[in-house]
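Letters A, B, ... are given to chains in the order of the sequence lines, protein chains preceding strands, and every chain is numbered from 1.
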Amino acid sequence: MKASELYAPTLRESPAEAELTSHKLMFRAGLIRKAAGGIYSYLPLGWRTMKKIMQIIREEMDAKGGQEIMMPITQPAELWRESGRWAVYGDEMMRMKDRHGREFCLGPTHEEMITSLIRNEVRSYKQLPLMLYQIQNKYRDEIRPRFGLMRSREFVMKDLYSFDKDVDGMNVSYQKMYDAYDRIFTRCGLKFRPVEADNGAIGGGHSHEFTVLAPSGESNIAYCESCDYAASDEKAELKVIKAAPEEMKPLEKVETPNAHTIELVKDFLNVPIEKTIKAVAFQDDDGRLILAFVRGDHEVNEIKVLNAVEGALHLHMAEESAISAAGGSAGFMSPIGIKDGTVIVVDSTVMEMYNAVAGANEPDKHFINVNPRRDFDESKIIVADIRLVREGDPCPNCGAPLKMTRGIEVGQVFTLGQKYAKALGATFLDENGKETVFEMGCYGIGVGRTMAAAIEQNNDENGIIWNRAIAPFEVVVVPINAKNNDQLEYATKLYEELKNAGVDALLDDRKERAGVKFNDCDLIGYPIRVTVGPKTLESGDVEIKIRKSGEVLTFKREEFLEKICSKLKEL
RNA sequence: CGGGGCAUGGCUCAGUUUGGCAGAGCACCUGCCUUGGGAGCAGGGGGUCGCAGGUUCAAAUCCUGUUGCUCCGACCA
């Protein structure tokens, strides 16, 4: 490919709306262009990288027995009604109607589609296990698309679905995918970590998110340096902290004027924050009031609360009116004396506190000497781990202090169990001729997000630094002055030798000044640049520059091919 | 959804307060010159100032409405 014919519009400046480094660089290097909020076109360079990532994914999926298929983007509403998700998915689903008024959506995911695809075809355990995957556009009407390809509304995703005859089989499939993901992201040159994740409303089974470590990432990860534990903050388990036992003093109600925050309460009563109990009020979609209690210095993990409460699908902050209707008072709540019918979730650590301070369910009053074991009616409360992890909390595995970091979730593997197969009536006959529901798993990778994450992790002030495996081109050959025929000829020769050796090379034959070309090369981030100028022409040597390290190397003409190829392997 | 901000040539923005010829830099085209890190000179093309109404002799500028984008918060791959 000649750069003079390549459509790669680079920019000196980036549009005002791009804030993330990767977004700016993708824009400036001519990888993508925006069509609408969260919707992008991929230009040749960007698409080349996308294709390379997809190829790596394909190879690893196929190696594990995956078979590629293609399913429709447009999906009929009936399918989603069958699984119950037409209503559940909410505003995030892009919906539309055809001319007859029939309802469709643009697929946000394909569990329903694939389950319906196989349910009438796969009839016997002999056809299992089965792993089918596709790489395709998906649609989610994000509340707030941002960061370019990181959080977009239309995005390319690989998703594989596994079908097994039993849980053991499903776990084998899960492990295969886990291993494949490990290989995929390693091959892409990413620094990542598989972290234990919450599998949300789907429940049961296990789930890991493959997270690229980057400070700009949107997810918080707790990890342990002494063992290999890593979990998203939503998931990270926490052990009960037992306070030193004390003699239980009598419960007492005291005046705490205007002390509606924990800070004010602890100062007013002059108690350590570890001896206070904090309340956070939620409501679910049915309007049920859900009160969550944690120790004053802890934060509530909303996901854990959601998982602890049976039947709740979403939580939002409670309305003031709902709190007073339950006999509570915002800022002064406790499980003691709240009306029945209120869902009360108490963090396990709270149950181990002695003589603590909690709200008295009336304005400007708190209880002191609250002893949850004695004062809470345990038949009416849910006790669970509902606190949010923070740096320094003990690792649930080995007890060492946990570290926190941020990451970009590029893939997720999880077991679905029978949820969708059951809802859609997908069954087969097992060895005993018994009708059995499939055990499923699903495994996604955000392709565009992976590209963005790679850039986010590998760049400098001059531009992108691609890993060789996913670079749009591996090597660029630059004649400094393309109007000089000797240089152009020499460069073309080197370029052709590289091509013939199977190297993905680009010839920058543009009639631009050297500075312009060099800056473009750095911005786009080709791993190796071969520079052809008067110096090399005279010496007959070949000069290369490594993008990542900036080092300039000179090779003898006859050994340059071999040297470049071995250099490439290191990149 | 709540709260801010923005919308002027391909990009970054000035001009709006106080109404009076639509501007700059970069990019683009032509020519000269130049070619080891975004050169220089000369000439040139391109904008119904987001859209729709209104006020006015006159609107990018003032008023009303509307759409899009964007940032912060509550949500998610």
Margin query: For A:Glu263 and A:Thr261: C-alpha separation, side-chain torsions, deciding distance, then whether side chain to side chain donor-acceptor pair (under 3.5 Å) applies.
Written below: CA-CA 5 Å; A:Glu263 280 297 311; A:Thr261 69; over 6 Å; no
For the side chain of [X], counting heavy atoms from C-beta on, which of [options] is nearest?
| X | options | answer |
| --- | --- | --- |
| A:Val516 | B:G36, B:U12, B:A39 | B:A39 |
| A:Pro534 | B:U35, B:A77, B:G36 | B:G36 |
| A:Arg12 | B:A77, B:G38, B:G36 | B:G38 |
| A:Ile480 | B:G36, B:G38, B:A77 | B:G36 |

Note to self: Students often mix this up, so state it plainly: with edges at 30° and 60°, are the rings of A:Tyr178 and A:Tyr174 parallel, tilted or perpendicular?
What the structure shows: tilted
Just to be sure I understand the rule, does [X] reach a base, reach only the sugar-phosphate, or reach nothing, if contact means heavy atoms closer than 4.0 Å?
| X | value |
| --- | --- |
| A:Glu512 | base |
| A:Arg33 | nothing |
| A:Asn484 | nothing |
| A:Thr211 | nothing |

Next item on the list: Indicate yes or no: at least one non-hydrogen side-chain atom of A:Ile564 is less than 4.5 angstrom from one of A:Leu498.
Entry: yes
Next item on the list: Please tell me which of A:Lys483 and A:Glu302 maps to the more 5' nucleotide of RNA chain B, matching each residue to the nucleotide holding its nearest heavy atom.
Entry: A:Lys483
Item checked: Most 5' of A:Gly446 and A:Lys34 on RNA chain B, judged by nearest nucleotide -> A:Lys34
Note to self: Among A:Lys419, A:Glu112, A:Glu111, which residue satisfies the side-chain hydrogen bond (donor to acceptor under 3.5 Å, both in side chains) criterion with A:Ser83?
What the structure shows: A:Glu112
Next item on the list: Check the pair A:Asn459 / A:Thr21 against side chain to side chain donor-acceptor pair (under 3.5 Å), numbers first and verdict last.
Entry: CA-CA 8 Å; A:Asn459 66 77; A:Thr21 307; 5.2 Å; no
For a quick check, tell me whether the side chain of [X] and the base of [N] share a donor-acceptor pair closer than 3.5 Å.
| X | N | value |
| --- | --- | --- |
| A:Lys517 | B:G36 | no |
| A:Glu13 | B:G38 | no |
| A:Arg529 | B:G37 | yes |

Margin query: Tell me whether the ring of A:Phe155 lies stacked over the B:A77 base, given a 5.5 Å limit on centroids and a 30° limit on the plane angle.
Written below: yes
